[in-house]
Engineer: 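Can you keep this structure in mind? I'll have questions shortly.
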Amino acid sequence: MKAIPSSEITPEEVYLSRRRFLKQALVFTGAVALAACAPQSVATNPPGDDGATATGSTDELGDRLTSYQDVTNYNNFYEFTTDKVAVARLSSSFISSPWQVQVGGLVESPKTFDLDDLRTRFDRQERITRLRCVEGWSMVIPWLAFPLRDLLNEVRPTADARYVRFESLYDPQQFPGQKDKWFNWPYVEGLTLAEAYNDLTLLATGLYGKDLLPQNGAPIRLVVPWKYGFKSIKSIVKIDLVAEQPTSLWMAAAPNEYGFYANVNPNVPHPRWSQASERRIGELGRRDTLLFNGYAEQVAELYRGLDLKANY
Ligand SMILES: Nc1nc2c(c(=O)[nH]1)N[C@H]1C(S)=C(S)[C@@H](COP(=O)(O)O)O[C@H]1N2
Ligand SMILES: [Mo]
């Protein structure tokens, strides 16, 4: 049995029915075939019986997908609460439709996109990536996403644009955590233009074949897999091309911790803990953390000549 590459783009209908077929094939061929094609075969840990699906079962390193249950019930989303296991419950009535994303700043053609616009204009692909939280845990998630690059190409950054600044929704009525004055709301993040154009930089509107749930950043969030999870800003309403390096919420709140780059790096410890290893949610024990979260081949070039120990 041959693994289906995650890069392969198939209409939802086709891949859902193919997945059903593959599931049956697994049942018929039994344990021998299963052992023979592990770890690259279709999911041996189906995400659950709620219709959530993904084409592949592993990332490109052969690591298994984190279960849908874990991806949607262990979350960081401080606008709701700092309690990871309470986010799902506290966000269940979040209203994410209608929704608009305003794209502007140093661009030739500023645009405000309705979410439906974004969903239809840009091809959603399944993209399986690792997500490594700065706290020392990680997941493997099958996103439905399109490259941020596609959106930038539509608004055409001007020659002065050097950074992209992202802003989450500000709405203390819906986000009880925004009453906490410790943070400088709304949540803000930023990337260099080169980072923003990298093929790994995604705007996700779904995961496991379904639209994003509120806890994962509905209706649209950033995914920057080689950086610590806090860079992957959720529930985005505004994207601006700017000349100056944006100050993120975390740069303002904890200037002694990570700075603008926040690239995953096992050799640069957090002031209070090592980053050399991580706990993969759903696994026992710990595993080594990889430089750039295992994506060095695709992104190391972005930082050529930069001292990664000084610029973290
Ligand atoms: N707006 C917003 N985006 C956010 C956060 C947040 O608190 N608010 N938390 C970040 C952190 S620390 C992580 S690890 C990831 C978690 O994404 P997940 O809950 O979908 O796994 O979202 C990031 N994006
Ligand atoms: Mo995180």
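In this chain, residues are counted from 1 in sequence order.
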Engineer: Just checking, any donor-acceptor pair under 3.5 angstrom between side chains of Q275 and H270?
Structural biologist: no

Engineer: Walk me through it: do D83 and R89 pass the test salt bridge (charged side-chain N to carboxylate O under 4.0 Å, His left out)?
Structural biologist: CA-CA 11 Å; D83 178 357; R89 181 172 49 81; 5.9 Å; no

Engineer: Could you list the residues that satisfy salt bridge (Lys or Arg N to Asp or Glu O under 4.0 Å) with E108, not counting sequence neighbours?
Structural biologist: R156

Engineer: Not counting sequence neighbours, list each pair that qualifies as a salt bridge (Lys or Arg N to Asp or Glu O under 4.0 Å) and has a residue in residues 169-190.
Structural biologist: E189-K231

Engineer: Among all residues two or more places apart in sequence or in another chain, which pass the ring-ring contact (aromatic ring centres under 6.0 Å, His included) test with Y228?
Structural biologist: Y258

Engineer: Residues in ring-ring contact (aromatic ring centres under 6.0 Å, His included) with W182, at least two apart?
Structural biologist: none

Engineer: Among all residues two or more places apart in sequence or in another chain, which pass the side chain to side chain donor-acceptor pair (under 3.5 Å) test with N265?
Structural biologist: N267

Engineer: For atom CG of D199, is the number of surrounding heavy atoms from other residues, nucleotides or ligands below 6.0 Å larger than 12?
Structural biologist: yes

Engineer: Only counting residues at least two apart or in another chain, list the ones meeting salt bridge (Lys or Arg N to Asp or Glu O under 4.0 Å) with R280.
Structural biologist: D63, E278

Engineer: To the nearest 0.5 Å, what is the distance between OH (Y74) and CD1 (I281)?
Structural biologist: 4.5 Å

Engineer: How many angstroms lie between atom CG of D150 and atom CG of L202, to the nearest 0.5 angstrom?
Structural biologist: 10.0 Å

Engineer: Could you grab the distance from atom CD of Q215 to atom OG of S235, nearest 0.5 Å is fine?
Structural biologist: 10.5 Å

Engineer: Looking at CG of L144 and CG of L207, how far apart are the two atoms once the value is rounded to the nearest 0.5 Å?
Structural biologist: 7.5 Å

Engineer: Kindly write out the residues that satisfy side chain to side chain donor-acceptor pair (under 3.5 Å) with T82, not counting sequence neighbours, or none if the list is empty.
Structural biologist: none

Engineer: Just to verify, what does N311 make a side chain to side chain donor-acceptor pair (under 3.5 Å) with, not counting sequence neighbours?
Structural biologist: none

Engineer: Y163: which residues meet the ring-ring contact (aromatic ring centres under 6.0 Å, His included) condition with it, sequence neighbours left out?
Structural biologist: F260

Engineer: Please say yes or no: joined through hydrophobic side-chain contacts below 4.5 Å, possibly via intermediate residues, are V164 and V188 part of one cluster?
Structural biologist: no

Engineer: Which residues pass the ring-ring contact (aromatic ring centres under 6.0 Å, His included) test with F183, not counting sequence neighbours?
Structural biologist: Y78, W185, W250

Engineer: Does the side chain of W99 reach to within under 4.5 Å of the side chain of L169, using non-hydrogen atoms?
Structural biologist: yes

Engineer: Do E60 and Y295 have side-chain atoms, one donor and one acceptor, less than 3.5 Å apart?
Structural biologist: no

Engineer: Among residues two or more places apart or on two chains, list those pairs meeting salt bridge (Lys or Arg N to Asp or Glu O under 4.0 Å) that have a residue in residues 302-312.
Structural biologist: E301-R304

Engineer: If you round to the nearest 0.5 Å, how far is CG of L203 from CZ of R149?
Structural biologist: 11.5 Å

Engineer: Looking at K234 and E79, does any basic side-chain N land under 4.0 Å from a carboxylate oxygen?
Structural biologist: no

Engineer: Listed by chain and number, what are the side chain to side chain donor-acceptor pair (under 3.5 Å) partners of E135, not counting sequence neighbours?
Structural biologist: N76, K84, W137

Engineer: Answer yes or no: are there more than 12 heavy-atom neighbours, outside Y312 itself, under 6.0 Å from its atom OH?
Structural biologist: no

Engineer: Under 4.0 Å between a side-chain nitrogen and a carboxylate oxygen: does that hold for R119 and D211?
Structural biologist: yes

